[in-house]
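Below you'll find the structure, written out as structure tokens, and then a few comments.
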Amino acid sequence: MNASELNRIARGMVASGKGLLAADESSGTIKKRFDAIKLDSTEEHRRTYREMLFTAPGAAESVSGVILYDETIRQKTRDGTPFPQYLTKLGIIPGIKVDLGAKPLAGFPGETITEGLDGLRERLIEYHGLGARFAKWRAVIDIADGIPTWFAIKANAHALARYAALCQENGIVPIVEPEVLMDGGHSIERCEEVTDLVLAATFRELFEHRVYLEGMVLKPNMIISGKKAANRAAPQTVAEATLRVLKRHVPPAVPGIAFLSGGQSSTEATLHLSLMNKLGPLPWALTFSYGRALQDTAIRAWGGLPANFAAGQKEFARRAKLNGLASTGRYAADMEAQAA
Ligand code: 13P
């Protein structure tokens with residue numbers, strides 16, 4: 001492990017005014033996104049869509065890195081440049097999703113454990129050879145009656161830490177993503193209580209696995225009401241609660257925190273990020289690693305039609321720019337209308 005190189009990459013991923021694009025949808029997930037615009041999920045359609053995002057003029061000013069999927073890291077632009085090489089030339093760091101998904105946790109109905117540790121060392125070596133300099137592993141914690149259990153939280157934190165240590169051994173910065181889902185009708189207080197436990201378990205396991213905190217990025221959920229909650233907390237409350245919880249658990253040695261959007265609307269996710277950064281100074285960089293919140297409006301603008309390729313790119317670059325501003329607290333909701 002080259003510690004200073006890991007730290008350099010991690011700082012690059014959360015560089016001021018920039019954040020990450022999560023474009024690592026598995027084949028199943030991208031099919032759902034394409035179904036919504038009535039497009040078949042063929043390999044060529046998936047390649048074209050990713051090319052639209054990665055080559056969007058201006059986006060590189062606000063995008064520090066892109067999380068790729070196994071299929072995507074092996075694909076090329078129309079003119080034959082492998083995606084990782086294309087991105088690297090633009091100054092965008094290529095990353096790779098390495099977990100193999102959340103599977104039912106035996107003995108714990110309704111809970112999952114993320115798989116993918118077997119053979120991970122060999123896969124990381126291959127991905128590094130293909131140009132990846134960071135990786136992602138997502139643990140999923142659902143809130144419902146009687147769950148999550150402390151056992152499921154600990155099992156997922158343990159797997160996250162084993163993944164993170166393996167990444168660092170192989171010169172790859174781990175994005176550590178323990179996601180508490182916002183599905184369901186729970187209150188913001190319940191989200192805070194569960195996220196508190198999840199982050200406590202995660203950082204304890206990272207310590208025990210000797211993970212180098214200066215060479216990782218945390219990707220957490222925000223502290224937010226469930227999507228179906230009756231009285232959803234206001235944006236300022238979300239921002240304050242999220243910072244309160246992060247300050248309890250994330251040592252300043254961690255260079256940056258890059259949030260997932262988790263089902264928030266695009267504008268909600270941008271506003272929350274900006275409000276938090278306005279509450280600074282903070283001990284870490286606070287930015288985005290959004291999937292849906294960066295892509296939803298762009299994929300609709302494109303609609304799978306070659307004639308709308310540039311319109312899709314323009315919309316993606318616009319969202320990236322607004323989130324880049326939010327990562328330094330300079331976004332305001334009225335910019336949505338101006339930039340449209
Ligand atoms: P969302 O921002 O759509 O939640 O996706 C981010 C991600 O990478 C989830 O693992």
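What you see below is based on every heavy atom in this structure, not just the backbone, and it leaves out hydrogens, waters and symmetry mates. Residue numbers run from 1 in the order of the sequence given.
- Counting only N and O atoms by type, the side chains of Asp79 and Thr77 include a donor and acceptor under 3.5 Å apart.
- Residues His45 and Thr48 have side chains that never bring a donor and an acceptor to within less than 3.5 angstrom of each other.
- Residue pairs meeting the side-chain hydrogen bond (donor to acceptor under 3.5 Å, both in side chains) criterion with at least one member in residues 21-34, sequence neighbours excluded, are Asp24-Lys136, Glu25-Arg50, Glu25-Gln295, Ser26-Thr29, Lys31-Asp35.
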Q.
Under the criterion side chain to side chain contact (heavy atoms under 4.5 Å, CB included), I'd like the reasoning laid out for Glu268 against Arg232: C-alpha separation, chi angles, the key distance, then a yes or no.
A. CA-CA 12 Å; Glu268 212 181 2; Arg232 300 195 65 219; 3.4 Å; yes

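- A salt bridge does not link Glu43 to Arg47: none of the charged nitrogens lies less than 4.0 Å from a carboxylate oxygen.
- The shortest side-chain heavy-atom distance between Leu117 and Tyr163 falls under the 4.5 Å cut-off.
- With hydrogens and angles left out, the side-chain atoms of Thr72 and Asp70 include no donor and acceptor closer than 3.5 Å.
- Note on residues 97-111: pairs passing side-chain hydrogen bond (donor to acceptor under 3.5 Å, both in side chains), not counting sequence neighbours, are Lys97-Asp99, Glu111-Thr149.
- Hydrophobic clustering, defined by side-chain heavy atoms of Ile, Leu, Val, Met, Phe, Trp and Tyr closer than 4.5 Å, groups Leu197 together with Ile141, Ile143, Trp150, Ile153, Val180, Val194, Val198.
- Note on Leu273: it clusters hydrophobically with Val250, by side-chain heavy-atom contacts below 4.5 Å among ILVMFWY residues.
- Scored by the side-chain hydrogen bond (donor to acceptor under 3.5 Å, both in side chains) test, Asn323 finds Thr270 as partners (sequence neighbours excluded).
- Taking 4.5 Å as the limit, some side-chain heavy atom of Leu87 sits within range of a side-chain heavy atom of Val66.
- Evaluation of the side-chain hydrogen bond (donor to acceptor under 3.5 Å, both in side chains) rule for Gln168 yields no partner, not counting sequence neighbours.
- Other residues, nucleotides and ligands place more than 12 heavy atoms under 6.0 Å from the NZ atom of Lys278.
- Asn156 places a side-chain N or O within 3.5 Å of a backbone atom of Ala152 that can act as its donor or acceptor partner.
- Residues satisfying the side-chain hydrogen bond (donor to acceptor under 3.5 Å, both in side chains) test with Glu240, not counting sequence neighbours, are Gln236.
- When hydrophobic residues (I, L, V, M, F, W, Y) are linked wherever their side-chain heavy atoms come within less than 4.5 Å, the members clustered with Leu181 are Val140.
- The side-chain hydrogen bond (donor to acceptor under 3.5 Å, both in side chains) search around Ser41 returns Arg46, not counting sequence neighbours.
- If you look at Phe151 and Phe108, their ring centroids are closer than 6.0 Å.
- Remark: Arg74 CZ is packed, more than 12 non-hydrogen atoms of other residues, nucleotides or ligands lying under 6.0 Å away.
- The shortest distance between side-chain heavy atoms of Pro178 and Leu199 falls below 4.5 Å.
- With hydrogens and angles left out, the side-chain atoms of Lys219 and Ser289 include a donor and acceptor closer than 3.5 Å.
- Side-chain rings of Phe83 and Phe54 approach one another, their centers coming within less than 6.0 Å.
- Between Phe203 and Pro251 there is a side-chain heavy-atom pair separated by less than 4.5 Å.
- Salt-bridge check for Arg133 with Glu5: failed, with every basic side-chain N at 4.0 Å or more from each acidic carboxylate O.
- Screening residues 142-169 for salt bridge (Lys or Arg N to Asp or Glu O under 4.0 Å) gives Arg121-Glu169 as the qualifying pairs, with residues at least two apart or on separate chains.
- Under the 4.5 Å side-chain criterion, counting only non-hydrogen atoms from C-beta, Trp137 is not in contact with Ile175.
- Atom-to-atom distance recorded for Thr267:OG1 and Leu322:CG is 10.0 Å, nearest 0.5 angstrom.
- In this structure, CG on Asp183 lies 6.5 Å from NZ on Lys228, to the nearest 0.5 angstrom.
- Sorted by first and then second residue, the side-chain hydrogen bond (donor to acceptor under 3.5 Å, both in side chains) pairs involving residues 192-203 (not counting sequence neighbours) are Arg190-Glu193, Glu192-Arg244, Glu192-Arg248, Thr195-Asn221, Asp196-Arg248, Asp196-His249.
- Neither side chain, Gln75 nor Tyr69, offers a donor N or O lying under 3.5 Å from an acceptor on the other.
- Contact annotation: the side chain of Cys167 approaches that of Leu124 to within less than 4.5 Å [non-hydrogen atoms, C-beta and beyond].
- Tyr331 and Asn277 are not linked by any side-chain donor-acceptor pair at a separation below 3.5 angstrom, with hydrogens and angles left out of the test.
- Under the rule for a salt bridge (Lys or Arg N to Asp or Glu O under 4.0 Å), Glu61 has no partner lying at least two apart in sequence or in another chain.
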Pairs of donor and acceptor atoms involving the side chains of residues 307-316, under 3.5 Å and at least two apart or interchain, shall be tabulated with distances.
unit_1: Asn308; atom_1: ND2; unit_2: Trp302; atom_2: O; d: 3.4
unit_1: Gln313; atom_1: NE2; unit_2: Met52; atom_2: O; d: 3.0
unit_1: Gln313; atom_1: NE2; unit_2: Thr55; atom_2: O; d: 3.4
unit_1: Gln313; atom_1: NE2; unit_2: Thr55; atom_2: OG1; d: 2.8
unit_1: Glu315; atom_1: OE1; unit_2: Arg318; atom_2: NE; d: 2.9
unit_1: Glu315; atom_1: OE2; unit_2: Thr297; atom_2: OG1; d: 2.6
unit_1: Glu315; atom_1: OE2; unit_2: Arg318; atom_2: NH2; d: 3.4

